[in-house]
2 protein chains.
Amino acid sequence: MNIGEAAKKSNLPIKTVRFYSDIGLINPKTNENSNYRIFTNQDIEKLLFVGKARKFNFSIEECRELLSLYENRTRSSNEVKKLTLKKIDEIDQKMSELNSLKKELSRVAKSCSGDQRPECPIIGFLANNKKN
Amino acid sequence: MNIGEAAKKSNLPIKTVRFYSDIGLINPKTNENSNYRIFTNQDIEKLLFVGKARKFNFSIEECRELLSLYENRTRSSNEVKKLTLKKIDEIDQKMSELNSLKKELSRVAKSCSGDQRPECPIIGFLANNKKN
DNA sequence: CATAAGGTCTCCATAAGGTGGAGAGTCAAG
DNA sequence: CTTGACTCTCCACCTTATGGAGACCTTATG
């Protein structure tokens, strides 16, 4: 099938499918006459796989890795699990960063009267390099 | 002072200071002879301000806005507070996204034996386009 | 058969927020 | 004067796409 149908079936924008093909995440064949990309059902499966993995915050390179594990019938589930646990760790880290961020911002926001006067503890906080 | 000292004092990489200067976030004077940038203490303050705001997830454009509020002695604290509350909202949203992401990943990771066998529910999960 | 509409192609630009390197100019010390 | 350390500008690259231009292909219709 052509790229339009492939895009529809994989729920990805055409541009994205073309991009994934450009970077070799998938390798559709090429019609020698028209130069059109030709997608198989297997390509669609891979696109769906990648689409999902991307939604789950796996990077393109991780997707590439997962795809090769996906294709490798002799790989151990261990490798896949390791990648997943690493991803969970990253999410944890990100969340705790965001959490402390939020705490500090909430604190300064609370201390700001938010009125018409120019005095603002938030600005003071951001400008103060000595503490915090 | 020159850019090297400015970078040290503001705890930013030289390249970043130059970048901020290029995009007009700060506007150091220029030595006409050497073409070197000349930074004042006020420039350092601004750099520290931006450095901190960036850490707190304010975008460059938001930093630009904050800087102009910072410099504007007649602005109301209201405007600053509004920007901060918006930022807190964004953080909340991001956190809840990450949270559901983590839940799903944890679930599939838990269901994976992580051994030498190739059977892996994670791969199955990512490959399955029909449900979840 | 010609033409029009719609698909597809490649190439380039843009986004954010920088980072890295090349090659040239500047400055201060020995 | 030379050496080394700084700094300059300009360009490319990173990630993950997205948007448009201009050209080519395919299919349907008159």
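Residues from residues 19-36 of chain B lying near DNA chain D, meaning a heavy-atom separation below 4.0 Å, are B:Asn35, B:Tyr36 in numerical order. For DNA chain C, the neighbouring residues in residues 2-13 of chain A, judged by any heavy atom under 4.0 Å, are A:Asn2, A:Ile3, A:Gly4.
The phosphate of C:dT10 has OP1 or OP2 within less than 4.0 Å of a side-chain N or O from A:Arg37. Between B:Arg54 and the phosphate of C:dG18, there is a side-chain N or O to OP1/OP2 separation shorter than 4.0 Å.
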Which donor-acceptor pairs under 3.5 Å do side chains of residues 58-67 of chain B form with protein atoms, sequence neighbours excluded?
| from | atom 1 | to | atom 2 | distance (Å) |
| --- | --- | --- | --- | --- |
| B:Ser59 | OG | B:Glu61 | N | 3.4 |
| B:Ser59 | OG | B:Glu62 | N | 3.1 |
| B:Ser59 | OG | B:Glu62 | OE1 | 3.4 |
| B:Glu61 | OE1 | B:Arg64 | NE | 3.0 |
| B:Glu61 | OE2 | B:Arg64 | NE | 3.4 |
| B:Glu61 | OE2 | B:Arg64 | NH2 | 3.3 |
| B:Glu62 | OE1 | B:Ser59 | N | 2.7 |
| B:Glu62 | OE1 | B:Lys87 | NZ | 2.9 |
| B:Glu62 | OE2 | B:Lys86 | NZ | 3.2 |
| B:Glu62 | OE2 | B:Lys87 | NZ | 3.3 |
| B:Arg64 | NH1 | B:Ile23 | O | 3.0 |
| B:Arg64 | NH2 | B:Ile23 | O | 3.3 |

With a cut-off of 3.5 Å and sequence neighbours excluded, list every side-chain donor-acceptor pair involving residues 1-15 of chain B.
| from | atom 1 | to | atom 2 | distance (Å) |
| --- | --- | --- | --- | --- |
| B:Glu5 | OE2 | B:Lys9 | NZ | 3.3 |
| B:Ser10 | OG | B:Ala6 | O | 2.7 |
| B:Ser10 | OG | B:Ala7 | O | 3.3 |

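Annotation: the span from A:Leu47 atom CG to A:Asn41 atom CG amounts to 11.5 Å, rounded to 0.5 Å. If you take NZ on A:Lys103 and CG on A:Leu105, they are separated by 13.0 Å, rounding to the nearest 0.5 Å.
Taking the salt bridge (charged side-chain N to carboxylate O under 4.0 Å, His left out) definition, one finds that A:Asp92 meets it with B:Lys102, sequence neighbours left out. Residues that satisfy the side chain to side chain contact (heavy atoms under 4.5 Å, CB included) test with B:Thr30, not counting sequence neighbours, are B:Asn35. Taking the side chain to side chain donor-acceptor pair (under 3.5 Å) definition, one finds that B:Ser111 meets it with nothing, sequence neighbours left out. For B:Ser96, there are no side chain to side chain contact (heavy atoms under 4.5 Å, CB included) partners two or more places apart in sequence or in a different chain.
A salt bridge (charged side-chain N to carboxylate O under 4.0 Å, His left out) check over residues 18-38 of chain A, counting only residues at least two apart or in different chains, returns the pairs A:Asp22-A:Arg37.
The closest donor-acceptor contact from the side chain of A:Thr84 to the backbone of A:Val80 lies under 3.5 Å. A side-chain donor-acceptor contact under 3.5 Å links A:Lys81 to the backbone of B:Ala109.
Ranked by how close their nearest DNA chain C nucleotide is to the 5' end, A:Ile38 and B:Ile60 are led by A:Ile38.
Rounding to whole angstrom units, NZ of residue A:Lys15 and P of C:dT8 are separated by 13 Å.
Two end axes, each from the C1' atoms of five base pairs, can be drawn for the helix from C:dC1-D:dG30 to C:dG30-D:dC1; they diverge by 40°, to 10 degrees.
Of the charged side-chain nitrogens involved, none lies within less than 4.0 Å of a carboxylate oxygen, so that B:Lys82 and B:Glu79 do not count as a salt-bridged pair.
Counting non-hydrogen atoms of other residues, nucleotides and ligands closer than 6.0 Å to CD of B:Glu90 gives a total above 12.
Of all nucleotides in DNA chain D having an atom under 4.0 Å from a heavy atom of chain B, the first and last in 5' to 3' order are D:dC6 to D:dT9.
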